[in-house]
Amino acid sequence: MEKLDWPPTKIKAFRQALLNWYDAEKRDLPWRRDHDPYHILISETMLQQTQVATVIPYYERFLAQFPTVKALAAAPEAAVMKAWEGLGYYSRARRLQQAAQQVVRDYGGQWPTTAAELQALSGIGPYTAGAIASIAFNEAVPAIDGNAFRVFARLFCIEDDIAKPQTRGRFEALIGQLIDPERPGDFNQAVMDLGSSYMRAKDPDPAHSPVVAFDQSYQTNRVLDFPVKTKKPRPKVVPYFALAIESPAGWLLEQRPNSGMLADLWMFPLVARAELEGDLDAQIAQAAAQFAAEAGIAVELQLADAKLVKHTFTHQQWQLTLLTAAAPAFDLAVLPARWVPAAKLAAVALPTVQKKLFKALNGGK
DNA sequence: AACCCGTGGGC
DNA sequence: TGCCCAAGGGT
């Protein structure tokens with residue numbers, strides 16, 4: 001598709017059909033109240049791999065807590081992580097704050113205005129750079145997300161696998177010829193609205209789409225054949241012991257390493273069972289020994305009543321066997337850990353799997 | 001290029 | 001239940 005074979009009149013008709021529909025039917029979303037690049041950045045970052053309905057309350061709270069790019073740049077990282085709690089993909093939160101710090105420090109608070117410059121900021125890739133540049137700064141660049149891939153794959157019956165990185169370039173070339181140079185931000189957002197309504201992944205309604213006359217997949221009765229996308233492998237099962245250790249000072253929560261799964265969040269200490277040997281009792285004894293070596297104190301681990309908690313991520317399924325122990329409030333200087341009383345749990349960022357563990361300890365409530 | 005990184009909803 | 005999907009980016 002090096003060169004789009006549509007005549008200029010057809011290109012104009014497509015833009016008009018899309019934008020007329022958008023002007024009449026666009027969704028009323030909190031981040032569409034203005035074109036502030038800070039607002040666009042927050043919303044686009046939250047919306048990565050996350051549904052609109054999930055994002056809306058997070059967006060409102062986040063903006064109330066960190067109203068300006070300077071406020072976000074200056075905030076304690078723990079506060080940013082807490083505001084992100086439950087949204088997932090937590091590196092997004094750290095990189096969002098890093099981007100804010102880059103804007104303040106490297107640009108003196110004056111936003112770069114091109115997609116090329118924006119993409120150099122932390123956490124901003126080709127999609128988010130295109131979205132900010134087109135919506136906030138009117139640059140005629142595509143913003144290719146899952147919606148755009150689906151919409152244009154269907155419109156042109158494109159067989160390329162959208163899971164492959166090299167496919168993006170072909171879509172960029174195509175959309176670059178179609179995007180409305182007068183209204184690039186609205187064009188990109190119209191494509192997203194189209195991709196989440198008439199041209200959604202499941203149960204689409206292409207017959208009533210504003211661009212049905214341009215939809216080759218509909219005309220050839222192959223709508224659901226597009227986009228072509230390879231499947232992901234099933235999550236791998238990973239067994240752990242989760243150590244619920246309670247002292248008069250509260251629960252023992254460990255801060256996870258600053259890279260990898262649930263980086264920087266707070267959880268019960270985990271012991272990987274794959275490295276342990278023997279039956280359950282033997283493994284519990286090994287877990288206790290391992291903990292004693294790290295913490296410098298022996299605890300008596302017991303199988304909890306609610307013993308198994310499962311949590312599925314994109315690539316892993318954790319099977320957590322819950323062990324409990326009562327302990328004195330021993331010194332934690334050697335661990336990246338804290339005693340957190342129940343009343344102070346609201347102060348640390350907990351992943352959903354940790355909330356499940358607390359719930360299991362409370363008898364499912 | 002292939003893999004890693006969360007969560008909730010829908011069927 | 002298991003699987004797919006949802007405004008991706010980093011390495």
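So you know, we letter chains A, B, ... as the sequences are listed, proteins then strands, and number each from 1.
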Peer 1: In this structure, how many angstroms lie between the P atom of B:dA2 and the CZ atom of A:R168, rounded?
Peer 2: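 Answer to the nearest Å: 16 Å.
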Peer 1: Would you indicate what A:L87 reaches in the nucleic acid, counting non-hydrogen atoms under 4.0 angstrom: base, sugar-phosphate, or nothing?
Peer 2: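 If one applies the 4.0 Å heavy-atom cut-off, A:L87 turns out to touch a base.
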Peer 1: May I ask you to evaluate whether A:R150 reaches the phosphate of C:dA7, defined as a side-chain N or O under 4.0 Å from OP1 or OP2?
Peer 2: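 So the side-chain polar atoms of A:R150 do come within 4.0 Å of the phosphate oxygens OP1 or OP2 of C:dA7, strictly under.
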Peer 1: Using whole Å, what does the distance between atom P of nucleotide C:dG8 and atom CD1 of A:I132 come to?
Peer 2: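 From A:I132 CD1 to C:dG8 P: 14 Å.
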Peer 1: With a 4.5 Å cut-off on side-chain heavy atoms, are A:C157 and A:T220 touching?
Peer 2: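 Sidechains of A:C157 and A:T220: in contact.
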Peer 1: Once you round to the nearest 0.5 Å, how far does CG of A:D180 lie from CG of A:L18?
Peer 2: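 Spacing of CG (A:D180) from CG (A:L18) equals 9.0 Å.
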Peer 1: CH2 of A:W84 versus P of B:dT7: gap in Å, rounded?
Peer 2: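 Nearest whole value for this atom pair: 13 Å.
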Peer 1: Find which nucleotide of DNA chain B each of A:P165 and A:G260 is nearest to by heavy atoms, and output the residue with the more 5' nucleotide.
Peer 2: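 Going by which nucleotide is closer to the 5' end, it is A:P165.
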Peer 1: Looking at every strand, decide which applies to A:W318 at a 4.0 Å heavy-atom threshold: base, sugar-phosphate, or nothing.
Peer 2: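 Contact class for A:W318: none.
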Peer 1: How far, in whole Å, is B:dC5 from C:dA6 if one measures between their C1' atoms?
Peer 2: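 Comparing C1' positions in C:dA6 and B:dC5 gives a spacing of 15 Å.
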Peer 1: Testing the basics here: between A:H208 and A:Y198, what is the closest heavy-atom pair and its distance to 0.1 Å?
Peer 2: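 So the two residues come closest at O-CE2, 3.4 Å.
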Peer 1: For A:K202 and A:Y90, find the nucleotide of DNA chain B closest to each by heavy atoms; which residue's nucleotide sits nearer the 5' end?
Peer 2: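 Whichever sits nearer the 5' end wins; that is A:Y90.
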Peer 1: Do A:D193 and A:R27 sit within salt-bridge range, that is, some charged N less than 4.0 Å from a carboxylate O?
Peer 2: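 Between A:R27 and A:D193 there is a salt bridge, with a charged N closer than 4.0 Å to a carboxylate O.
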Peer 1: Using atom P in both nucleotides, what's the gap between C:dA7 and B:dC4 to the nearest angstrom?
Peer 2: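 Each nucleotide's P atom is 24 Å from the other's.
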Peer 1: In residues 34-58 of chain A, which ones come under 4.0 Å of DNA chain B, going by heavy atoms?
Peer 2: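 Residues of residues 34-58 of chain A under 4.0 Å from DNA chain B: A:Q49, A:T50, A:Q51.
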Peer 1: For C:dA6, does the base pair up with any side-chain atom of A:R200 as donor and acceptor (N or O, under 3.5 Å, distance only)?
Peer 2: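 There is none.
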Peer 1: Could you grab the distance from atom CG of A:L41 to atom CG of A:L121, nearest 0.5 Å is fine?
Peer 2: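 Output value for this atom pair is 8.0 Å.
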Peer 1: Rounded to whole Å, please give me the gap between CG in A:D161 and P in B:dA1.
Peer 2: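 After rounding, the gap between these two atoms is 11 Å.
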Peer 1: Under 4.0 Å, heavy atoms only, any strand: does A:M192 hit a base, just the sugar-phosphate, or nothing?
Peer 2: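 The residue A:M192 makes base contact.
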Peer 1: Quick one: label A:A201 by what it contacts on the DNA or RNA (base, sugar-phosphate, nothing), any heavy atom closer than 4.0 Å.
Peer 2: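 Here A:A201 touches the backbone only, sparing every base.
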Peer 1: In whole angstrom, what separates A:L118's CG from C:dG9's P?
Peer 2: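 After rounding, the gap between these two atoms is 12 Å.
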Peer 1: So, do A:Y58 and A:T50 sit near enough that their side-chain heavy atoms are less than 4.5 Å apart?
Peer 2: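 No; the side chains remain at least 4.5 Å from each other.
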Peer 1: With sugar-phosphate meaning primed atoms plus P, OP1 and OP2, does A:Q166 contact a base, only sugar-phosphate, or nothing at under 4.0 Å between heavy atoms?
Peer 2: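 A:Q166: backbone/sugar contact only, no base atoms under 4.0 Å.
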Peer 1: Quick one: do the A:Y127 and A:E44 side chains pair a donor with an acceptor below 3.5 Å?
Peer 2: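 Note: A:Y127 and A:E44 side chains meet the donor-acceptor criterion.
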Peer 1: Which comes earlier along DNA chain C counting from the 5' end, the contact point of A:R95 or that of A:W31, where each point is its nearest nucleotide?
Peer 2: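 Whichever sits nearer the 5' end wins; that is A:W31.
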Peer 1: Any base atoms under 4.0 Å from A:K231, or only sugar-phosphate, or nothing? Heavy atoms, all strands.
Peer 2: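 Here A:K231 touches the backbone only, sparing every base.
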Peer 1: Would you say the ring centers of A:W111 and A:F137 fall short of 6.0 Å from each other?
Peer 2: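 A:W111 vs A:F137: aromatic centres not under 6.0 Å.
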Peer 1: May I ask you to verify if any side-chain N or O of A:R92 is less than 4.0 angstrom from the OP1 or OP2 atom of B:dC5?
Peer 2: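 No, outside the criterion.
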Peer 1: State which of C:dT11, C:dA7, C:dC3 makes the closest approach to the side chain of A:R234.
Peer 2: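 Among the listed nucleotides, the one closest to the side chain of A:R234 is C:dC3.
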Peer 1: Grab the CZ-P distance between A:R94 and C:dG8 for me, whole Å please.
Peer 2: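 Nearest whole value for this atom pair: 19 Å.
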Peer 1: Closest to the A:Y89 side chain: B:dG6, C:dG10, B:dA2?
Peer 2: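 Comparing B:dG6, C:dG10, B:dA2 against the side chain of A:Y89, the answer is B:dG6.
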Peer 1: Find out whether A:V103 and A:Y38 are in side-chain contact, i.e. whether some heavy atom of one side chain is under 4.5 Å from a heavy atom of the other.
Peer 2: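 With C-beta onward as the side chain, the pair stays apart.
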Peer 1: Could you check whether A:Q316 gets within reach of a base, just the sugar-phosphate, or nothing at all, counting any heavy atom under 4.0 Å?
Peer 2: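 Touches sugar-phosphate only.
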Peer 1: Atom CD of A:Q354 and atom P of B:dT7: how far apart are they, to the nearest Å?
Peer 2: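 My rounded result for the distance is 11 Å.
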Peer 1: Which whole-number value in Å describes the distance from A:H315 NE2 to B:dG6 P?
Peer 2: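 A:H315 atom NE2 is separated from B:dG6 atom P by 10 Å.
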Peer 1: Please measure how far the P atom in C:dT1 lies from the corresponding atom in B:dG8, and state the result in whole Å.
Peer 2: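 Result for the P pair: 16 Å, nearest Å.
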